[in-house]
Amino acid sequence: MAAVPSIERAAHGVTSSAVLDFLKRPKNLLIGGKWVPAKSGKQFETINPANEEVLALVPEGDKADVDEAVKIARQAYEEGPWSRIGPHQRARYLLKIADLLEQHADELAILETLNNGMAISLARGMASGAADTFRYYAGWATKIYGETNPSDPSMFNYTLREPVGVCGQIIPWNGPIAMLAWKIAPALACGNVSILKPAEQTPLTALRIGELLQEVDLPPGVVNIITGFGETAGAAIAAHPDIDKVAFTGSTEVGKLILQASTGNLKRVSLELGGKSPNVIFPDADLENAIPTSLFGFCMLSGQVCCAGTRVFVQSDFHDRFVEHLTRYASNVKAGDPLDASTTVGPLVSREQFNRVKGYLDIGKKEGAKPALGGEARTGKGFFVDPTIFTDVRNNMQIAREEIFGPVASVIPFKDENDAVLQGNDTTYGLAAAVWTQDISRAHRIARALKAGTVWINCYNNIDPISPFGGYKQSGIGRELGKHSIELYTQIKSVYAKL
Ligand code: NAP
Ligand code: MG
């Protein structure tokens with residue numbers, strides 16, 4: 001039975017009237033430019049993970065709502081005004097969306113922090129980053145070219161780069177505003193239409209952005225937002241016979257289900273999945289940067305980041321000194337109220353995630369790992385786990401192989417450069433990696449040798465829409481961002497003309 005939310009309790013400390021007004025408004029699905037309840041009439045609660053209070057009731061969309069959204073999106077794509085507008089107009093829409101995201105960045109950041117628990121400073125960065133992503137893809141809308149090919153004199157052959165069509169876009173709870181931008185911006189830039197499903201834990205910013213999209217007068221049906229559960233709404237998108245492409249960000253486990261479900265109509269699939277990224281530290285690393293940045297590498301968003309640097313490899317003779325520095329620095333990091341501007345580590349997103357991380361803390365200790373810092377979850381309200389640094393970890397332990405998705409790092413010694421690469425690559429994942437050294441040749445050798453979609457040299461977690469993001473191995477299929485999203489959201493037609 002859904003509880004009537006007490007917004008004052010759930011959004012305690014928030015004074016933004018824009019946020020409070022939004023929380024009070026009834027929530028609906030965005031289908032065909034209209035806000036409508038789920039056909040089933042069902043709703044579910046969404047909570048604030050810092051205090052476990054209910055923030056809002058959200059419609060539980062399912063297959064029937066997805067079917068309706070696909071019908072309308074298909075019409076918008078084939079017959080609606082969207083099918084006739086040119087690239088300049090698409091660019092203008094994206095620029096207007098970027099401006100609105102920027103104007104509402106504070107409000108969106110507060111809402112994101114309330115619903116996800118991420119530190120407000122990070123939420124602000126993600127909101128303004130989302131505006132950058134829309135602006136970046138606004139630029140692409142007018143730069144999507146085909147080619148003329150060197151055909152026989154009796155023929156004229158050229159290629160057109162055309163949109164894919166109706167795109168299902170399923171996003172996770174860990175960076176909702178950013179993930180929405182990575183999906184919707186390139187899809188629209190290329191002339192597609194979108195049906196977006198936010199994660200069950202964090203539906204609010206997508207719904208608020210849906211309201212902002214209405215303000216730019218996008219033609220109805222171009223962006224549809226279905227809140228609901230993965231097993232129902234998500235699965236209906238993945239299997240839908242009239243969806244042309246599905247873009248998914250989430251766990252490797254669900255990514256495999258999406259791929260299986262796509263075979264019915266052989267829809268195009270792109271997957272951004274999990275990771276267990278190596279962060280390799282040599283004794284000549286600039287510690288002033290390496291310590292805080294490595295901590296950020298596994299504590300940003302309370303470690304609930306696909307590219308988190310959770311396996312920290314340190315050269316053996318430097319290991320103890322590094323651990324001492326990292327532990328000292330980490331013990332001063334502020335964990336707590338995510339709305340406080342000085343907080344670095346907020347709560348985990350949900351009770352489920354809290355229990356999962358707690359479970360891994362126990363597993364680590366049972367496997368013989370020693371917590372140099374942390375190692376316990378907090379008791380009381382909110383899903384807080386303090387930063388944890390495990391030493392005495394071997395790369396074959398469960399805590400070093402599986403994605404924990406909490407602020408937990410395993411420090412693992414290595415002998416030399418080869419050993420660092422061998423251990424770093426000994427994982428089923430390949431999303432990201434980092435290396436810290438002043439030796440420029442070694443840095444680039446290691447960047448080449450590590451099997452990962454992104455490698456950072458003397459930095460961590462830098463992501464910019466100009467550059468592709470995605471995984472090697474079981475971390476995904478395809479690349480988002482940069483020109484690579486244009487490839488994901490277009491298809492090529494070859495035209496032969498007899499002269
Ligand atoms: P998840 O459980 O895989 O869920 C992701 C999305 O898929 C949610 O919207 C979820 O809906 C939906 N979903 C669940 N089951 C589904 C099904 N059977 N069919 C279709 N959709 C389904 O992942 P998560 O726990 O939300 O997010 C954490 C994971 O995402 C981590 O593994 C992380 O590494 C990964 N991630 C990867 C990237 C990247 O770019 N590579 C970025 C961020 C996160 P519900 O919310 O209703 O379950
Ligand atoms: Mg889930």
Side-chain angles (χ1 to χ4, degrees), residues 44-46 58-63 66 115-116 118 126 168-183 195-204 206 225-240 243 246-262 267 269-277 298 300-310 348-354 356-357 402-406 427-432 452-454 461 463 465 468-481 484-485 488:
F44 64 99
E45 295 171 348
T46 190
V58 169
E60 187 188 322
D62 61 21
K63 182 172 180 306
V66 169
N115 205 188
N116 164 284
M118 72 172 70
M126 287 211 184
Q169 305 188 306
I170 302 174
I171 60 174
W173 45 260
N174 59 348
I177 298 178
M179 294 297 106
L180 174 150
W182 290 26
K183 299 283 183 283
I195 295 162
L196 179 96
K197 192 200 93 63
E200 67 187 272
Q201 298 86 346
T202 55
L204 293 182
I225 299 176
I226 309 268
T227 52
F229 298 130
E231 295 72 11
T232 48
I237 289 174
H240 203 289
I243 289 185
V246 65
F248 169 81
T249 298
S251 59
T252 295
E253 194 190 347
V254 175
K256 289 177 184 176
L257 296 178
I258 302 277
L259 203 53
Q260 281 163 10
S262 71
K267 57 174 68 64
V269 177
S270 51
L271 303 173
E272 301 277 8
L273 308 176
K276 194 75 192 174
S277 301
F298 73 86
M300 175 175 130
L301 230 162
S302 299
Q304 305 164 113
V305 177
C306 48
C307 52
T310 48
L348 299 173
V349 75
S350 62
R351 167 76 51 199
E352 186 189 357
Q353 195 58 25
F354 178 80
R356 173 189 157 110
V357 173
E402 296 174 12
E403 197 176 36
I404 298 175
F405 240 51
T427 164
T428 55
Y429 294 113
L431 192 59
T454 296
N461 271 339
I463 296 180
F469 187 84
Y472 279 41
K473 301 194 261 182
Q474 293 193 35
S475 287
I477 297 178
R479 292 291 178 275
E480 290 187 318
L481 300 185
H484 301 272
S485 280
L488 292 184

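These values consider heavy atoms only, across backbone and side chains, with no hydrogens, waters or symmetry-generated copies. Along the sequence shown, the residues carry numbers beginning at 1. Order of listing sets the numbers, starting from 1, for every ligand and every atom in it.
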Kindly write out the residues that satisfy side-chain hydrogen bond (donor to acceptor under 3.5 Å, both in side chains) with [X], not counting sequence neighbours, or none if the list is empty.
X: Thr46; value: Asn115
X: Arg356; value: none
X: Thr249; value: Lys183

Does atom NZ of Lys473 have more than 12 heavy-atom neighbours, drawn from other residues, nucleotides or ligands, at distances under 6.0 Å? yes

The answer, listing residues by chain and number that come under 4.0 Å of ligand 1 through any heavy atom, is Ile170, Ile171, Pro172, Trp173, Asn174, Lys197, Pro198, Ala199, Glu200, Gln201, Gly228, Phe229, Gly230, Gly234, Ala235, Phe248, Thr249, Gly250, Ser251, Val254, Leu257, Ile258, Glu272, Leu273, Gly274, Cys306, Glu403, Phe405, Leu431, Phe469

Let me confirm one number: the CH2-CD distance from Trp173 to Gln353, rounded to the nearest 0.5 Å. 4.0 Å

Would you please indicate if the ring centroids of Phe44 and Phe229 are separated by under 6.0 Å? yes

